Amino acid sequence: MLQLVQDRTFTPVGELQQKTADVRVIAATNQNLPILVEQGQFREDLFYRLNVIELAIPPLRERSDDVIPLIQLFLYQFNQKYDKHLTISEASIEAICQYDWPGNIRQLQNVIERAAIMSDTVIQPTDLPAGIVETTACSNEAANEDAETTESLFRTDLSLGDAIMNIESELILASYQRHQSTRKVARELQISQSRASRLIRKYLASADNPS
């Protein structure tokens with residue numbers, strides 16, 4: 001394999017003479033190969049021979065703008081496949097767009113096909129897997145909680161200093177909850193790591209011991 005990738009030559013089994021292969025090698029993986037190389041689970045020499053041009057494709061959850069065009073594409077394909085004329089409701093689109101899609105595009109394709117089979121006219125949330133609809137409900141509850149938090153941040157009975165401290169606390173604790181790393185919090189909020197560490201300790205202590 002190394003010889004084929006490097007020199008485009010190989011020796012068939014049972015023969016002595018090398019042959020040349022005019023091929024282009026395209027390799028894909030959903031694993032973190034540099035880490036696997038460090039762990040000795042993937043050959044380093046093969047990794048560097050394959051890794052000439054690297055194209056990193058972000059997961060679907062990081063490409064939210066692609067979700068609706070993909071819905072339209074898959075719905076068109078399955079309308080053709082099952083000889084239907086289905087449309088999809090706004091509520092269903094909202095549920096699909098809010099879902100995290102751990103299985104990426106293939107999972108979305110399977111969900112649309114399932115809905116196309118289940119529905120006769122308009123794809124409704126009831127035609128979607130229960131996990132997607134439940135996630136949407138949780139997201140809506142979280143949005144309501146965020147709205148309540150926003151209202152509390154801008155109470156008119158607070159001084160300017162207290163209001164700023166409330167906002168700072170919410171930002172720091174939310175970022176730390178996401179990342180669990182002072183370095184990542186500092187990078188996200190564009191502050192020094194030492195300041196991030198100090199504020200995290202301060203607001204974690206306040207959360208544990210509310211006045």
Side-chain angles (χ1 to χ4, degrees), residues 1 4-5 8 10 21-37 39 41-43 46-150 174-175 177-180 184 187-188:
M1 176 63 75
L4 176 64
V5 175
R8 303 295 191 267
F10 67 99
D22 183 14
V23 298
R24 175 177 296 170
V25 178
I26 300 175
T29 181
N30 61 357
Q31 302 295 315
N32 190 321
L33 290 188
I35 290 180
L36 294 182
V37 169
Q39 296 173 346
Q41 298 183 40
F42 193 90
R43 289 187 57 146
L46 177 58
F47 171 70
Y48 286 116
R49 280 172 170 81
L50 290 173
N51 193 32
V52 179
I53 299 175
E54 180 179 350
L55 300 176
I57 302 177
L60 186 57
R61 63 179 176 272
E62 296 178 10
R63 295 182 285 136
S64 57
D65 291 344
D66 291 346
V67 174
I68 291 179
L70 285 169
I71 293 172
Q72 295 170 336
L73 171 64
F74 294 144
L75 187 57
Y76 171 80
Q77 291 175 343
F78 294 126
N79 271 331
Q80 298 291 312
K81 180 178 180 178
Y82 296 111
D83 192 24
K84 291 187 174 184
H85 302 280
L86 297 170
T87 58
I88 185 167
S89 69
E90 290 293 332
S92 298
I93 292 176
E94 181 181 358
I96 291 172
C97 288
Q98 290 187 20
Y99 187 64
D100 202 33
W101 298 109
N104 289 302
I105 293 178
R106 185 170 298 156
Q107 183 188 8
L108 174 59
Q109 183 179 26
N110 290 341
V111 166
I112 299 300
E113 181 169 18
R114 175 188 187 276
I117 294 171
M118 299 289 291
S119 178
D120 293 323
T121 54
V122 180
I123 295 175
Q124 300 291 352
T126 51
D127 300 317
L128 303 175
I132 294 177
V133 179
E134 290 168 2
T135 300
T136 304
C138 292
S139 298
N140 289 336
E141 290 177 7
N144 292 334
E145 291 176 1
D146 288 343
E148 292 174 2
T149 300
T150 302
S175 181
Q177 186 176 15
R178 284 193 297 273
H179 303 299
Q180 297 294 310
K184 292 181 179 180
R187 183 172 59 187
E188 181 177 61

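Here the structure is a predicted model, which means the values were calculated and not measured.
Atoms CG and OG, on Asp127 and Ser89 in that order, are 8.5 Å from each other to the nearest 0.5 Å. We find the CG-CG distance between Asn51 and Leu46 to be 10.5 Å, quoted to the nearest 0.5 Å. Between atom OG1 of residue Thr87 and atom CD of residue Gln72 there is a gap of 12.0 Å, rounded to the nearest 0.5 Å. Between atom CG of residue Leu108 and atom CG of residue Asn110 there is a gap of 9.0 Å, rounded to the nearest 0.5 Å.
Heavy-atom contacts from other residues, nucleotides or ligands closer than 6.0 Å to OH of Tyr48 number 12 or fewer. Atom CD of Gln177 is surrounded by 12 or fewer heavy atoms from other residues, nucleotides or ligands within 6.0 Å. Sparse packing is recorded around OH of Tyr76, with 12 or fewer heavy atoms of other residues, nucleotides or ligands lying under 6.0 Å away. Residue Ile57 qualifies as open at atom CD1: its count of foreign heavy atoms under 6.0 Å is 12 or below. No more than 12 heavy atoms of other residues, nucleotides or ligands shown are found within 6.0 angstrom of CZ on Arg43.
For the pair Glu188/Arg178, a side-chain contact is recorded, criterion being any heavy-atom separation below 4.5 Å from C-beta on. Side chains of Lys81 and Glu113 form a contact here, defined as non-hydrogen atoms less than 4.5 Å apart. When side chains are defined from C-beta on, Gln39 counts as touching Leu36, because their heavy atoms get closer than 4.5 Å. The shortest distance between side-chain heavy atoms of Ser64 and Cys97 does not fall below 4.5 Å. Counting heavy atoms from C-beta on, the side chains of Ile123 and Leu75 come closer than 4.5 Å.
Panel note: side chain Trp101, backbone Ile96; a donor-acceptor pair is recorded below 3.5 Å. Judged by distance alone, with hydrogens and angles left aside, the side-chain atoms of Arg61 form no donor-acceptor pair with the main-chain N or O of Pro102 at under 3.5 Å. At distances below 3.5 Å, at least one donor-acceptor pair connects side-chain atoms of Asn79 with backbone N or O atoms of Leu86.
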Inset, instruction - List the steps and the verdict of side chain to side chain contact (heavy atoms under 4.5 Å, CB included) for Gln41 and Gln31. - result: CA-CA 11 Å; Gln41 298 183 40; Gln31 302 295 315; over 6 Å; no
Legend entry - Worked check of side chain to side chain contact (heavy atoms under 4.5 Å, CB included) between Arg63 and Ile105: CA-CA 11 Å; Arg63 295 182 285 136; Ile105 293 178; 3.8 Å; yes
Inset, instruction - Would you please test Leu70 and Leu60 for side chain to side chain contact (heavy atoms under 4.5 Å, CB included) and show each step? - result: CA-CA 10 Å; Leu70 285 169; Leu60 186 57; 3.9 Å; yes
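Looking at every heavy atom in both residues, Ser92 comes nearest to Pro125 through OG-N, 3.0 Å. Looking at every heavy atom in both residues, Ala21 comes nearest to Leu4 through CB-CD1, 3.9 Å.
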